[in-house]
2 protein chains.
Amino acid sequence: MTDAKANTTTASSGGVESVDRALSIVGCFQAGDHALSLTEIAARTGLYKSTILRLTVSLEKAGYLVRHQDKSYRLGPELMRLGGLYQRSLRLEDHVRPVLRQLMRESGESASFFRREGAWRICAFREDSTQAIRDHVHEGDRLPLDRGAAGHVLSRFAGTVSAADFAALPLRSFGERESETGAAAVPVFSQREGLVGALTLSGPLTRFTEDRVAVMAPLLLAAGRRLSETLGGHYPA
Amino acid sequence: MTDAKANTTTASSGGVESVDRALSIVGCFQAGDHALSLTEIAARTGLYKSTILRLTVSLEKAGYLVRHQDKSYRLGPELMRLGGLYQRSLRLEDHVRPVLRQLMRESGESASFFRREGAWRICAFREDSTQAIRDHVHEGDRLPLDRGAAGHVLSRFAGTVSAADFAALPLRSFGERESETGAAAVPVFSQREGLVGALTLSGPLTRFTEDRVAVMAPLLLAAGRRLSETLGGHYPA
DNA sequence: AACACAGTTCTATCTAACAGAACTTATGCG
DNA sequence: CGCATAAGTTCTGTTAGATAGAACTGTGTT
């Protein structure tokens with residue numbers, strides 16, 4: 001390898017450059033971006049506009065992007081199909097959703113299920129509270145692993161776990177990831193994978209006081225235990 | 001090289017081949033496929049295994065695919081993030097308006113989009129015909145749910161739907177809600193909500209004869225299907 | 001009218017994507 | 001148990017085709 005232009009950000013081996021670039025275009029859409037202009041995409045990715053124009057033709061053909069009248073790019077419907085497929089391929093969903101729904105009904109607060117994904121946690125499933133004031137997290141959202149009740153659960157119950165760890169459940173957080181939000185969370189285990197995720201109840205701090213959380217605790221623990229048993233994992237007796 | 005101009009034959013033109021191929025790998029996952037082997041992917045896409053191996057490195061890096069212990073490929077979590085983003089970026093209006101405009105241009109009649117609202121239906125969006133004689137409904141108008149083509153659609157396609165229901169599309173009404181007005185309507189579905197509304201063409205009975213409506217029918221059906229697909233819902237094949 | 005800026009087209013150059021053979025594990029089957 | 005066959009992986013010479021960047025068009029602003 002005669003060293004190429006100074007440019008290459010990824011540099012590292014393997015893969016196909018044009019594919020990396022194309023996916024970086026899709027990837028530069030972040031929460032809140034409804035539409036991005038060619039110039040904006042060029043700024044975010046560092047690619048030449050002509051290159052983007054070429055790559056987006058392929059992305060449009062595949063339905064990953066849609067170009068609007070005003071020349072702006074938006075994400076395309078194929079992503080929804082694939083996102084749905086991904087979720088269903090984890091058959092977790094069938095078991096988790098009913099539990100979330102029940103948790104939400106019993107507690108009145110939003111119930112979510114987080115999975116670890118590298119150095120992050122993603123909200124795999126969620127049942128929103130029906131109350132007017134609630135926290136806003138959506139399925140697919142990626143949150144930090146080191147903040148929030150669910151984050152702590154995914155960190156602490158990843159390896160071998162002591163009885164003391166279970167005694168501390170549910171793990172709580174108050175105004176930690178977001179200043180106005182509180183949460184309580186428990187782990188979920190399966191037969192084959194061990195820790196698969198964290199069940200959490202979350203909402204505004206005004207409703208997440210120590211007292212209130214103490215009421216939610218047994219609901220969460222029961223749900224975590226029940227779901228884990230369904231998946232073949234188990235809590236200590 | 002010699003004369004570049006001549007070589008316009010394949011004309012699959014535009015786009016980047018390696019990106020097309022990479023996306024065809026992701027695209028070959030269909031409902032029910034939890035995991036695909038290298039060989040299976042090669043069979044479905046027609047690509048060489050070595051090519052797939054190279055391309056999948058990029059797809060894995062981007063989180064579009066995950067490779068399991070057993071060497072099988074599964075869809076990756078990035079797809080869920082993007083799918084979620086897509087759904088939230090859906091502003092119903094952005095997708096409905098262009099469809100209405102096209103419907104109106106193709107048919108020459110006023111096109112409207114109705115949503116159910118309790119025991120009523122309201123005209124959420126509308127594109128008026130340019131003809132001098134036309135029916136007069138405005139955005140925001142509240143009409144009865146039990147009269148008119150769009151009303152019937154919103155009633156009949158609300159719950160579970162049979163193939164026979166689809167065979168009857170578009171639903172028609174002649175001088176029903178208003179003595180001088182006729183209409184034809186089809187349902188629109190989305191991924192999450194199911195039935196979201198009804199697309200309708202309406203105008204004076206003098207232009208809404210059985211014959212004329214028969215001409216509009218395929219336009220409406222195509223529009224309903226297309227819009228539904230954009231929103232992640234679907235018509236039966 | 002002149003400017004600035006977004007989007008688009010075009011092309012010579014040379015990278016890096018490709019096909020296919022060769023090789024190394026796994027899996028089945030008699 | 002061992003032979004057969006298929007799955008997965010690595011390697012390489014060739015050249016297709018992806019790239020960078022200049023040039024161009026169109027649109028809105030002062």
Side-chain angles (χ1 to χ4, degrees), chain A residues 1-29 33-62 64-74, chain B residues 1-29 33-62 64-74:
Chain A
M1 284 186 180
T2 58
D3 69 336
K5 281 283 173 74
N7 187 331
T8 40
T9 36
T10 39
S12 64
S13 59
V16 172
E17 194 172 331
S18 53
V19 175
D20 291 339
R21 291 172 167 182
L23 299 185
S24 81
I25 291 173
V26 180
C28 80
F29 279 79
D33 298 329
H34 294 160
L36 296 180
S37 68
L38 176 60
T39 310
E40 180 64 23
I41 292 173
R44 293 191 185 192
T45 58
L47 299 174
Y48 282 84
K49 288 187 192 175
S50 56
T51 301
I52 294 168
L53 248 1
R54 223 163 356 87
L55 292 169
T56 52
V57 172
S58 290
L59 292 169
E60 285 182 75
K61 268 195 294 190
Y64 283 54
L65 289 181
V66 174
R67 194 148 204 204
H68 245 242
Q69 240 91 351
D70 63 356
K71 307 294 181 186
S72 71
Y73 292 95
R74 300 173 187 218
Chain B
M1 235 191 214
T2 42
D3 52 333
K5 201 67 195 293
N7 182 15
T8 42
T9 38
T10 26
S12 60
S13 63
V16 173
E17 193 173 333
S18 52
V19 176
D20 291 340
R21 290 171 168 184
L23 299 185
S24 80
I25 291 173
V26 180
C28 80
F29 279 79
D33 299 331
H34 293 166
L36 296 180
S37 68
L38 176 60
T39 309
E40 179 64 23
I41 293 173
R44 292 191 185 193
T45 59
L47 298 173
Y48 282 85
K49 288 185 192 176
S50 58
T51 301
I52 294 168
L53 248 2
R54 226 167 347 93
L55 292 169
T56 52
V57 171
S58 290
L59 292 169
E60 285 182 76
K61 268 195 294 190
Y64 283 55
L65 287 182
V66 174
R67 194 150 202 202
H68 243 242
Q69 242 89 350
D70 63 354
K71 308 294 182 185
S72 71
Y73 293 95
R74 299 172 189 222

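Predicted model only: the values in this text are computed from it and were never measured. Each chain gets a letter, A, B and so on, in the order its sequence line appears, and its residues count up from 1.
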Can you name the side chain to side chain contact (heavy atoms under 4.5 Å, CB included) partners of B:A35, sequence neighbours left out?
B:S72, B:R74
Which residues share a side chain to side chain contact (heavy atoms under 4.5 Å, CB included) with A:S37, sequence neighbours left out:
A:T39, A:E40
Under the side chain to side chain donor-acceptor pair (under 3.5 Å) test, which residues partner A:H34, sequence neighbours left out?
B:R91
Between atom CG in A:L55 and atom C1' in C:dG7, what is the gap in whole Å?
16 Å
How would you list, by chain and number, every residue that makes a side chain to side chain donor-acceptor pair (under 3.5 Å) with A:E60, sequence neighbours excluded?
none
Between CD1 of B:I52 and C1' of D:dT10 the distance, given in whole Å, is 16 Å
To the nearest Å, how far apart are A:L47 CG and D:dT19 P?
8 Å
More 5' along DNA chain C: A:S18 or A:Y73, using each one's nearest nucleotide?
A:Y73
Which of these nucleotides, C:dC18, D:dA20, C:dA16, is closest to any side-chain atom of A:E17?
C:dA16
Would B:V19 and A:V57 count as a side chain to side chain contact (heavy atoms under 4.5 Å, CB included) here? Give the steps.
CA-CA 10 Å; B:V19 176; A:V57 172; over 6 Å; no
Presence of A:R54 side-chain N/O under 4.0 Å of D:dT19 phosphate oxygens OP1/OP2
yes
Pairwise N/O distances under 3.5 Å, protein to nucleotides 4-8 of chain D:
| unit_1 | atom_1 | unit_2 | atom_2 | d |
| --- | --- | --- | --- | --- |
| D:dA7 | O5' | B:T39 | OG1 | 3.3 |
| D:dG8 | OP2 | B:T39 | N | 2.8 |
| D:dG8 | OP2 | B:T39 | OG1 | 2.4 |

Looking at D:dT19, I'd like to know if its phosphate oxygens (OP1 or OP2) sit under 4.0 Å from a side-chain N or O belonging to A:R21.
yes
With sequence neighbours left out, what residues match A:S24 under side chain to side chain contact (heavy atoms under 4.5 Å, CB included)?
A:T45, A:L47
